[in-house]
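A quick write-up on the structure given underneath.
Note that these values count all heavy atoms, side chains included, but never hydrogens, waters or copies made by symmetry. Sequence positions, counted from 1, serve as the residue numbers for this chain.
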Amino acid sequence: QVQLVESGGGLVQPGGSLRLSCAASGSIFTINTMGWYRQAPGKERELVAGISNPGSTNYADDVKDRFTISRDIAKKSVYLQMDSLKPEDTAVYYCNADVQYWRNYGGYRSLETLHAWGQGTLVTVSS
């Protein structure tokens, strides 16, 4: 009942830029922290950047001066501006959100919490 849909991945040359977008939809009551993770081939998924509902941010050390995370609360969306991309940034990037949503149980509904994930978008940095 909650979906996260990412867009904006693709192929870019080293030093280039990409902007990822992620929009949440469904019976959402509120969204707390949103973030971006990535998983390179043969590696574990890792946090790239996160942003809280008030707007405080945190970044992985290797992207701190190159990537910028932002969100539009009204649009239930989060963005990742990626500049000065390097080949080692190549990975599938996943959107993540801590969501409170209304879940239907026949004749009643319950407010529940979900750690939601998008389907991922591939970013390839190569010349």
Side-chain angles (χ1 to χ4, degrees):
Q1 298 188 359
V2 174
Q3 284 190 318
L4 300 181
V5 178
E6 300 110 332
S7 61
L11 173 64
V12 63
Q13 292 186 343
S17 298
L18 279 177
R19 186 174 188 252
L20 305 183
S21 300
C22 171
S25 63
S27 303
I28 296 171
F29 176 71
T30 189
I31 302 176
N32 298 313
T33 300
M34 301 187 81
W36 290 94
Y37 288 71
R38 67 186 179 188
Q39 187 166 18
K43 294 188 176 182
E44 294 187 353
R45 191 173 298 188
E46 61 177 5
L47 174 67
V48 177
I51 184 167
S52 68
N53 193 324
S56 62
T57 59
N58 62 286
Y59 296 91
D61 287 342
D62 60 344
V63 307
K64 193 169 294 184
D65 298 321
R66 301 184 294 119
F67 292 6
T68 303
I69 189 171
S70 61
R71 67 187 291 177
D72 185 325
I73 293 176
K75 294 183 178 180
K76 301 183 180 67
S77 295
V78 64
Y79 310 97
L80 186 68
Q81 177 66 41
M82 304 186 294
D83 299 317
S84 302
L85 282 160
K86 303 175 181 180
E88 50 264 44
D89 295 317
T90 295
V92 177
Y93 284 70
Y94 296 91
C95 175
N96 171 266
D98 289 322
V99 179
Q100 285 187 298
Y101 73 104
W102 294 105
R103 183 170 180 176
N104 291 315
Y105 291 94
Y108 74 97
R109 64 178 188 172
S110 173
L111 187 62
E112 300 189 359
T113 300
L114 176 67
H115 196 61
W117 291 93
Q119 81 286 353
T121 185
L122 178 62
V123 172
T124 303
V125 184
S126 176
S127 55

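Note that OG of Ser77 is 6.0 Å distant from CG of Asp72, once rounded to the nearest 0.5 Å. Distance CG/Asn53 to OG1/Thr30: 5.5 Å, rounded to 0.5 Å. Interatomic distance, Leu122 CG to Leu11 CG, rounded to the nearest 0.5 Å: 9.0 Å. Interatomic distance, Asp89 CG to Ser84 OG, rounded to the nearest 0.5 Å: 9.5 Å. Between Arg109 atom CZ and Ser27 atom OG the span is 7.5 Å, to the nearest 0.5 Å. Rounding to the nearest 0.5 Å places NZ of Lys43 at 8.5 Å from CD of Glu88.
Applying the disulfide bond (SG atoms under 2.5 Å apart) test to pairs two or more places apart or on separate chains, none has a residue in residues 36-88.
Chaining together hydrophobic side chains whose heavy atoms lie under 4.5 Å apart places Val63 alongside Val2, Val12, Leu18, Leu20, Ile28, Ile31, Met34, Trp36, Val48, Ile51, Tyr59, Phe67, Ile69, Val78, Leu80, Met82, Leu85, Tyr93, Val99, Tyr101, Leu114, Val123, Val125. In the hydrophobic clustering, where aliphatic and aromatic side chains (Ile, Leu, Val, Met, Phe, Trp, Tyr) are joined below 4.5 Å either directly or transitively, Phe29 groups with Trp102, Leu111.
Taking a 6.0 Å sphere around CG of Asp65, one finds it holds 12 or fewer heavy atoms contributed by other residues, nucleotides or ligands. Counting heavy atoms of neighbouring residues, nucleotides and ligands inside a 6.0 Å radius, atom CD of Gln119 exceeds 12 of them.
Under the 4.0 Å criterion applied to side-chain N and carboxylate O atoms, Arg38 and Asp62 are assigned as salt-bridge partners. A salt bridge is defined here as a Lys NZ or Arg NE, NH1 or NH2 lying under 4.0 Å from an Asp or Glu carboxylate O, and Lys64 with Asp61 meets this definition.
Counting only distance, with no hydrogens or angles, the side chain of Asn96 and the backbone of Ala116 share a donor-acceptor pair below 3.5 Å. Side-chain atoms of Arg19 do not come within 3.5 Å of backbone N or O of Gln81 as any donor-acceptor pair. Distance alone, capped at 3.5 Å, places no donor-acceptor pair between the Thr90 side chain and the Thr124 backbone.
Annotation: side chain of Tyr105 is in contact with side chain of Arg103 (closest heavy-atom distance under 4.5 Å). Contact annotation: the side chain of Arg45 approaches that of Tyr94 to within less than 4.5 Å [non-hydrogen atoms, C-beta and beyond]. Side-chain atoms of Arg71 and Lys76, non-hydrogen and from C-beta on, never get closer than 4.5 Å to each other. Considering only heavy atoms from C-beta on, Pro87 stays 4.5 Å or farther from Ser126 through its side chain.
In this pair, Trp117 and His115 present their aromatic rings perpendicular. The plane angle is above 60°, beyond the 30 to 60° band.
Inspection of the Asp83 and Ser17 side chains reveals an N or O donor paired with an N or O acceptor under 3.5 Å.
Summarising the geometry of Leu4 relative to Ala24, their closest heavy-atom pair is CD2-CB, 3.3 Å, with the distance given to 0.1 Å. Smallest separation of non-hydrogen atoms from Thr113 and Gln100: OG1-CG, 3.8 Å.
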